[in-house]
Amino acid sequence: MKYFNIIIIILFLGCSPVINLKKIDNHEVVFVLFEKSTFTSKNINKPNISQEVTIQNKPQKMDWISYNYNFNDEKGRRSHFFLTYSDYDDLSDFDNDVRKKIKFKINKSFLKKNKNRIITNDAINQYGINKIRRIFYNARTIFLIDKDEIKNGETLVRQVKYDYSAEE
């Protein structure tokens with residue numbers, strides 16, 4: 001059922017050439033394109049055997065990826081936010097196999113057809129990190145597309161969790 005909803009959402013996305021914040025400002029589903037730059041970084045945690053969780057006498061690995069964004073806000077202060085992917089939000093969900101994060105493949109053409117609905121580094125610079133953070137805060141679901149993972153015309157889309165910090 002959730003894949004059907006994703007397909008419906010994708011079909012209703014428009015195709016204008018410039019990102020339009022009005023179209024995504026109060027949207028429940030937001031897409032963000034992760035691009036490597038001086039403002040972004042990616043941390044991948046692949047646990048070793050000592051970090052594995054054992055469930056029903058079978059070792060299970062809790063891998064996660066953190067996508068970090070570090071931009072200046074409108075007042076010139078450093079401001080950070082993080083988009084984190086893991087199969088589950090916590091060990092309880094993992095143990096009970098509930099609320100698993102959504103992950104699916106899309107065709108690369110999705111990026112071109114929906115570039116006005118996908119938040120990029122350029123959009124963060126253009127509109128300011130505070131406006132983009134407000135969009136993430138209000139979104140019910142955030143999907144991240146990692147530009148480095150585009151292979152053979154397809155890419156993996158991951159449901160991520162939003163978190164932020166601001167320097168005082």
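The nearest pair of heavy atoms linking Tyr164 to His80 is CB-O, 3.4 Å. Contact between Asp148 and Lys151 at its shortest, heavy atoms only, is O-NZ, 3.5 Å. Considering every non-hydrogen atom in both Ser79 and Ile129, the closest pair reads O-CD1, 3.5 Å. For Glu149 against Arg158, the heavy-atom pair with the smallest separation is OE1-NH1, 2.7 Å.
For the 3.5 Å distance criterion, the side chains of Tyr85 and Asp87 qualify, holding a donor opposite an acceptor. Residues Asn107 and Ser109 bring a donor and an acceptor atom of their side chains to less than 3.5 Å of each other.
We find the CD1-CG distance between Ile150 and Leu156 to be 11.5 Å, quoted to the nearest 0.5 Å. The distance from the CD1 atom of Ile132 to the OH atom of Tyr162 is 10.5 Å, given to the nearest 0.5 Å. Of the inter-residue distances, the one linking Asn70 atom CG with Arg78 atom CZ reads 4.0 Å to the nearest 0.5 angstrom. Separating the CG atom in Asn45 from the CH2 atom in Trp64 is a distance of 5.0 Å, to the nearest 0.5 Å. To the nearest 0.5 angstrom, Ile145 atom CD1 is 4.5 Å from Ile118 atom CD1. A distance of 7.0 Å separates CG in Leu111 from OG1 in Thr155, rounded to the nearest 0.5 Å.
With ring centers used as reference points, Phe136 lies under 6.0 Å from Phe81. Between Phe110 and Phe31, a ring centre-to-centre spacing shorter than 6.0 Å is recorded.
Between Ile135 and Ile119, the closest side-chain pair of non-hydrogen atoms falls below 4.5 Å.
A donor-acceptor contact shorter than 3.5 Å is absent between the side chain of Glu35 and the backbone of Thr120.
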As a quick check of understanding, evaluate side chain to side chain contact (heavy atoms under 4.5 Å, CB included) for Thr40 and Asn68, giving each step before the final call. CA-CA 5 Å; Thr40 62; Asn68 309 305; over 6 Å; no
Let's go through Val32 and Ile142 carefully: what are the C-alpha distance in whole Å and the side-chain angles of both, what is the deciding distance for side chain to side chain contact (heavy atoms under 4.5 Å, CB included) to 0.1 Å, and is it a yes or a no? CA-CA 7 Å; Val32 60; Ile142 302 169; 4.2 Å; yes
One pair to check against side chain to side chain contact (heavy atoms under 4.5 Å, CB included): Lys105 and Val157. What are the steps and the verdict? CA-CA 6 Å; Lys105 287 193 174 190; Val157 178; over 6 Å; no
Derivation and outcome, side chain to side chain contact (heavy atoms under 4.5 Å, CB included), residues Asp163 and Thr84: CA-CA 8 Å; Asp163 197 10; Thr84 307; 5.8 Å; no
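A ring pair (Phe, Tyr, Trp, His ring centres under 6.0 Å) with Phe34 is found for exactly one of Tyr67, Phe82, Phe39, namely Tyr67.
With a 6.0 Å radius and a threshold of 12 heavy atoms from other residues, nucleotides or ligands, Lys42 has its NZ atom above the threshold.
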